[in-house]
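Data block below; observations after.
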Amino acid sequence: MKTVGDIIFKKEEPPASVLFLVWVGLLLLLLITWRVAYIRLGDFNLILALIIGIAKAALVLWVFMNLRGSPKLVLLLFGMALVMAFIGTLLTFSDYLMRA
Amino acid sequence: MRTTEGRFRMSELFEIQNLDVVEEPYATVEQRRETAQSGMWLFLGTEVMFFGGLFATYTVYRHLYGETFRVMSRHLDVSLGTLNTAVLLTSSLTMALAVHAIKEAEPKDSKKTAWYLLLTLLFGVCFLGIKTVEWIADYHHGLFPGHWMYQGPQESTAELFFCVYFAMVGLHALHVVIGVVLLCVFVILTKRGQYSRYRFMPIEVLGLYWHYVDLVWIFLYPLFYLVDPI
C-alpha cells in the first residue's frame, strides 16, 4: 500500500551508497587539507584550506543535510543567515582595516 | 489520542500518532514537514550568526597577530585534531544513515535506526574524549587561560591565541555535548519504537543539528590546527 511517505519523501532521499560515497569524498578532502598544510605556500595556504573547507561544507550541506531535496524556503532561510553573517563580518572589517 | 477537552498531556509526546492525519494548523503533510524543516534551518541560521561572529573575531586577531598565531598553533596536536575531524565526519555519515533508515522503517521496526543513532552517539563521545585529552595536556603545559605559564616566543601576545582557541572550540564542544544528550534521548525513544517512516521528523531535524556541528568543526580544524604546522 502506497503511503504518504512513499509519495512525498522517497524521491528526494539519496540512497545509502551515495551517503557512503560522500563520506569517502569528505575523508579524501580531509587528507588533502592535512597534507597541503605542510607545503609552504605562504598566504595561499589559508585560501586553499578555506576553499577545501567550503567544498567539504558544500558536500555536507547538499547531501547529508539534504538541501538538494529540501523546499526552496529552506535555501532562502539559510542563505539569508549566510548573507547576514557576511554583512556583519564586512562591517567589522571596515573598522579594523581602517585603523592605523 | 487527544483528550476530548483538547488539553495537552505530557504523555502525548511519547504516543505513536498516525501522521497521515493532519491537524490544525497544517493543511497538508508536506506543509507540516516543510514547517519543521524550515524551523530547524532558521535555528541553524542563528547558529551561523553565533559562530560567524566568533570567526570574524578570529580573522581580526589573526590579521593583527599573524606571527603569534603561527607560532602558538604549533602547540596544538595536529594528528589528534585530524583524527577528531575524521571521527566527526564519520559520525555525520552514521547520522545520515540513521535518518535514511528511519524513512524506510515500519512502526515498531526501528532497530537499525537505533543502532545508527547509537554509533553516532559513540563517535560524538569519542570526539569529546579526544578533546578532553588535548585540553588536559594543554592545561599541564600551562597553556590554559587562567592557568597561564607559557614562556617562549611571542610571550606577550601568546595567550590571545589560546583565548580564541578555547572560546571557539569550547563553545563547539558544548554544542557537541548538547547533541550527545539529545542523541541519548532519541536512541531510547527509537528503541521504544516511537519513530517510523510515518513519524521521522524529530530524527531528521536532529540530523540537521548534528551535521551543522560537524560543519562548524570542518572550519575550526584548519583555522586552528593547520595555521603553519611543522
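Throughout, a chain's letter reflects where its sequence line sits, starting with A, and its residues are numbered from 1.
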Handout entry: Which atoms of B:Phe51 approach chain A - backbone, side chain, both or neither, heavy atom under 4.5 Å
Key = neither

Handout entry: B:Arg197 with B:Glu104: basic N within carboxylate O range, under 4.0 Å
Key = no

Exercise for the section: Take atom CZ of A:Phe20 as the centre, draw a 6.0 Å sphere, and report whether it contains more than 12 heavy atoms from other residues, nucleotides or ligands. Expected result: no

Problem - Between B:Ala101, B:Gly207, B:Ser92, B:Gly52, the one whose heavy-atom pairs under 4.5 Å with chain A are most numerous - result: B:Ser92

Practice task
Taking atom OH of B:Tyr61 as the centre, report whether more than 12 heavy atoms of other residues, nucleotides or ligands fall under 6.0 Å from it.
Solution key: no

Handout entry: A:Leu97 portion near chain B, given a 4.5 angstrom heavy-atom threshold
Key = side chain

Exercise for the section: Check each atom of A:Thr33 against the heavy atoms of chain B and say whether the ones under 4.5 Å are side chain, backbone, both or neither. Expected result: both

Exercise for the section: Evaluate the ring planes of B:Phe224 and B:Tyr58, with Trp represented by its six-membered ring, and classify them as parallel (under 30°), tilted (30 to 60°) or perpendicular (over 60°). Expected result: perpendicular

Practice task
Answer with side chain, backbone, both or neither: which region of B:Leu93 has an atom nearer than 4.5 Å to a non-hydrogen atom of chain A?
Solution key: both

Fill in the blank from the handout: Looking only at B:His63, B:Met40, B:Met95, B:Arg62, the option with the highest number of non-hydrogen pairs under 4.5 Å against chain A is B:Arg62

Problem - Greater than 12 external heavy atoms within 6.0 Å of A:Phe86's CZ - result: no

Exercise for the section: Give a yes or no on whether a salt bridge exists between B:Glu204 and B:Lys103, defined as a side-chain N under 4.0 angstrom from a carboxylate O. Expected result: yes

Handout entry: Under 4.5 Å from any heavy atom of chain A - which part of B:Thr90
Key = both

Exercise for the section: Mind ranking A:Pro15, A:Ala49, A:Ala16 by heavy-atom pairs under 4.5 Å with chain B and telling me who comes out on top? Expected result: A:Ala16

Practice task
Please indicate whether A:Asp43 has more than 12 foreign heavy atoms, meaning atoms of other residues, nucleotides or ligands, lying under 6.0 Å from its CG.
Solution key: no

Handout entry: Residue selection (most heavy-atom pairs with chain A, distance under 4.5 Å) from B:Leu42, B:Val60, B:Thr46
Key = B:Val60

Practice task
Select, from B:Pro222, B:Ala86, B:Gly39, B:Pro229, the one with the greatest count of heavy-atom pairs under 4.5 Å involving chain A.
Solution key: B:Pro229

Problem - Among A:Thr92, A:Leu30, A:Leu26, residue most engaged with chain B (heavy-atom pairs, under 4.5 Å) - result: A:Leu30

Exercise for the section: Examine B:Phe127 together with B:Trp217 and report whether their ring centres are nearer than 6.0 Å. Expected result: yes

